[in-house]
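Only one structure is covered here, and it is reproduced in the block below.
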2 protein chains.
Amino acid sequence: MRKKTIEDYVELVFDLQKNKKRVHTNDIASALNINPASVTEIFQKLNEASYVNYEKYTGVTLTKKGRKVAIATKKKHDALKEFLMLLGCEKKTAEVDACEMEHILHPSTMDIVLKFVEVVKQCKVTPFWLERLKEYVRTGELPKCPSELAEICLKYSKTKNKKNIL
Amino acid sequence: MRKKTIEDYVELVFDLQKNKKRVHTNDIASALNINPASVTEIFQKLNEASYVNYEKYTGVTLTKKGRKVAIATKKKHDALKEFLMLLGCEKKTAEVDACEMEHILHPSTMDIVLKFVEVVKQCKVTPFWLERLKEYVRTGELPKCPSELAEICLKYSKTKNKKNIL
DNA sequence: AATATAATTTAGGTATACCTAAAAATCTAT
DNA sequence: ATAGATTTTTAGGTATACCTAAATTATATT
């Protein structure tokens, strides 16, 4: 698996901190299936960089900086997951892929994803083109685009060069 | 930067092999800004795993297996790049992000991306909803959806629950 | 409060992906 | 064909993200 980033750890601390005040090495160790001794090292590093307040033998809490990073990362994660699910990904796959993508995408790409989700979600009915894509993914057969829909789309398109359209 | 995968190396060998029969340590080293000595190690590893035929001092060529992986990776890369550009990413950003995504996405997600590109590309005019998204990304203002378009979309939507629509 | 149990840290180890410097092989120009 | 320049490899080093085993500290039971 990919090397874990600071964001990964901070986000995990954030999640675990909801149930208990302080997050202990064991919490992280069992969540990530690594040795508690390794988590001690991670805590020391996160502490160095001021993402957590670390006190020997008593675990960590997030600092303001850490919380900020965690929330930002979660936001990205949720948007990406929703984005993938809108496109037809299964929930589980979307979860996993979002977790990878949240660390690598350029901010401007992330912005597009956010806006994509926003725009599609403010449509209270699944847009036709999305249904069409999903059906294609599901069945392997791309449904025809009704000609009256195509014509209207063409009419409102700015880059006019009449052909078929979603 | 992310740890380079076997796919990264194999793809690069594939690209470099177009101009010259054999790919040498120096070719990879200067492409990736790493030391030629490191490339020797990489060549040995790729050779072990049968992605390349490696002969000391004379560089490598791809094996059948290596070529297969390279082509599959390139296909993913190109589809992802196009996908991102269709959504409004700049070419350079799309290139970089595609390069990261190609290694991490679940095959089923990759399939959706491929189909997305295919569906949008067979529209010979940019679909209205995509133009709308792009304008939103560019300007921060989401254009209104013309009511006659919304109505038609609603008519053809399968999950009926009338509201505004792309 | 003392002690047994559990959690945490320390110390030292492994694997890997890079590095540098020097040795070895290959290429080039005469 | 060979000397000099270039490329490649080898040998040994660094950094890091993990590990195990043993030592230390905290917690829980009586």
Side-chain angles (χ1 to χ4, degrees), chain A residues 1-13 15-63 66 69 73 99-100 102-104, chain B residues 1-13 15-63 66 69 73 99-100 102-104:
Chain A
M1 208 246 187
R2 167 181 60 84
K3 174 189 169 251
K4 271 142 214 142
T5 64
I6 280 179
E7 285 182 356
D8 284 310
Y9 296 125
V10 168
E11 196 182 352
L12 185 53
V13 171
D15 285 338
L16 295 172
Q17 202 174 342
K18 274 174 187 155
N19 313 318
K20 33 181 9 243
K21 289 196 198 66
R22 304 186 69 81
V23 175
H24 294 257
T25 52
N26 244 347
D27 302 329
I28 304 283
S30 53
L32 296 181
N33 251 306
I34 62 177
N35 197 289
S38 307
V39 180
T40 301
E41 289 166 27
I42 292 164
F43 278 180
Q44 285 162 351
K45 211 176 58 175
L46 292 179
N47 186 63
E48 265 314 295
S50 303
Y51 292 102
V52 300
N53 301 113
Y54 170 53
E55 303 260 12
K56 256 185 171 188
Y57 294 103
T58 71
V60 295
T61 56
L62 282 181
T63 60
V69 168
T73 307
C99 200
E100 300 293 316
E102 70 194 21
H103 304 296
I104 59 175
Chain B
M1 209 247 187
R2 168 181 59 84
K3 174 188 167 252
K4 270 142 213 142
T5 65
I6 281 180
E7 285 182 356
D8 284 311
Y9 296 126
V10 167
E11 196 183 353
L12 184 54
V13 170
D15 285 338
L16 295 171
Q17 202 174 344
K18 273 173 187 156
N19 313 318
K20 34 187 1 248
K21 288 198 198 62
R22 303 187 70 82
V23 176
H24 294 257
T25 51
N26 245 348
D27 302 329
I28 305 283
S30 53
L32 296 181
N33 252 305
I34 62 178
N35 197 289
S38 307
V39 180
T40 300
E41 290 165 27
I42 292 164
F43 278 0
Q44 285 163 350
K45 211 176 56 174
L46 292 178
N47 186 64
E48 266 314 295
S50 303
Y51 292 102
V52 300
N53 302 113
Y54 169 54
E55 305 260 11
K56 256 185 170 189
Y57 294 104
T58 71
V60 294
T61 56
L62 283 181
T63 61
V69 169
T73 307
C99 199
E100 300 293 316
E102 70 195 20
H103 305 295
I104 59 174

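In the text below, chain A, chain B and the rest are named by the order of the sequence lines, each starting its count at 1.
- Scored by the side chain to side chain donor-acceptor pair (under 3.5 Å) test, A:Gln17 finds no partners at all (sequence neighbours excluded).
- Following rounding to the nearest Å, B:Glu48 (CD) and C:dT16 (P) show an atom-to-atom distance of 13 Å.
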Please list, one pair per line, the donor and acceptor atoms closer than 3.5 Å that link side chains of residues 21-39 of chain A to other protein atoms, with sequence neighbours excluded.
| unit_1 | atom_1 | unit_2 | atom_2 | d |
| --- | --- | --- | --- | --- |
| A:Arg22 | NE | A:Thr58 | O | 2.8 |
| A:Arg22 | NH2 | A:Gly59 | O | 3.0 |
| A:Asp27 | OD2 | A:Lys20 | NZ | 3.0 |
| A:Asp27 | OD2 | A:His24 | N | 2.7 |
| A:Ser30 | OG | A:Asn26 | O | 2.9 |
| A:Ser30 | OG | A:Asp27 | O | 3.3 |
| A:Asn35 | OD1 | A:Ala37 | N | 2.9 |

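- Across the protein-nucleic acid pair, B:Lys3 atom NZ and C:dT16 atom P stand 9 Å apart, rounded to whole Å.
- Sorted by residue number, the list of members of residues 15-26 of chain B with any non-hydrogen atom under 4.0 Å from DNA chain C is empty.
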Tabulate protein N/O versus nucleotide N/O from nucleotides 3-5 of chain C, keeping only pairs under 3.5 Å, one per line.
none

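- One finds the OH atom of A:Tyr51 at 8.5 Å from the OG1 atom of A:Thr63 (value rounded to the nearest 0.5 Å).
- The distance from atom CD of A:Glu55 to atom P of D:dT25 is 15 Å, rounded to the nearest whole Å.
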Practice item. Give the C-alpha distance, both sets of side-chain angles, the deciding distance and a yes or no for side chain to side chain contact (heavy atoms under 4.5 Å, CB included) between A:Leu46 and A:Val10. Key: CA-CA 8 Å; A:Leu46 292 179; A:Val10 168; 4.3 Å; yes

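- The CD1-C1' distance, from B:Ile42 to C:dC18, rounds to 9 Å in whole Å.
- Between A:Lys45 and the phosphate of D:dA17, there is a side-chain N or O to OP1/OP2 separation shorter than 4.0 Å.
- Here D:dT20 presents its P atom at 11 Å from CD1 of A:Ile34, a figure rounded to the nearest Å.
- B:Asn33 comes within 4.0 angstrom of the backbone, heavy atoms only, and of no base.
- Here B:Glu100 pairs with B:Arg2 under the side chain to side chain donor-acceptor pair (under 3.5 Å) rule; sequence neighbours left out.
- A:Phe43 pairs by the ring-ring contact (aromatic ring centres under 6.0 Å, His included) definition with A:Tyr54, not counting sequence neighbours.
- Atom pair A:Arg2:CZ and C:dT16:C1' shows a separation of 18 Å (rounding to whole Å applied).
- For the salt bridge (charged side-chain N to carboxylate O under 4.0 Å, His left out) condition, no pair includes a residue of residues 42-52 of chain B, sequence neighbours left out.
- With sequence neighbours left out, the side chain to side chain contact (heavy atoms under 4.5 Å, CB included) criterion links A:Glu7 to A:Thr5, A:Val69, A:Thr73, A:Lys76, A:His103.
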Protein-nucleotides 10-12 of chain D N/O pairs closer than 3.5 Å?
| unit_1 | atom_1 | unit_2 | atom_2 | d |
| --- | --- | --- | --- | --- |
| D:dT10 | OP1 | B:Lys56 | NZ | 2.7 |
| D:dT10 | OP2 | B:Gln44 | NE2 | 3.2 |

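- Spacing between atom CZ of A:Phe43 and atom P of D:dC18 amounts to 13 Å, rounded to whole angstrom units.
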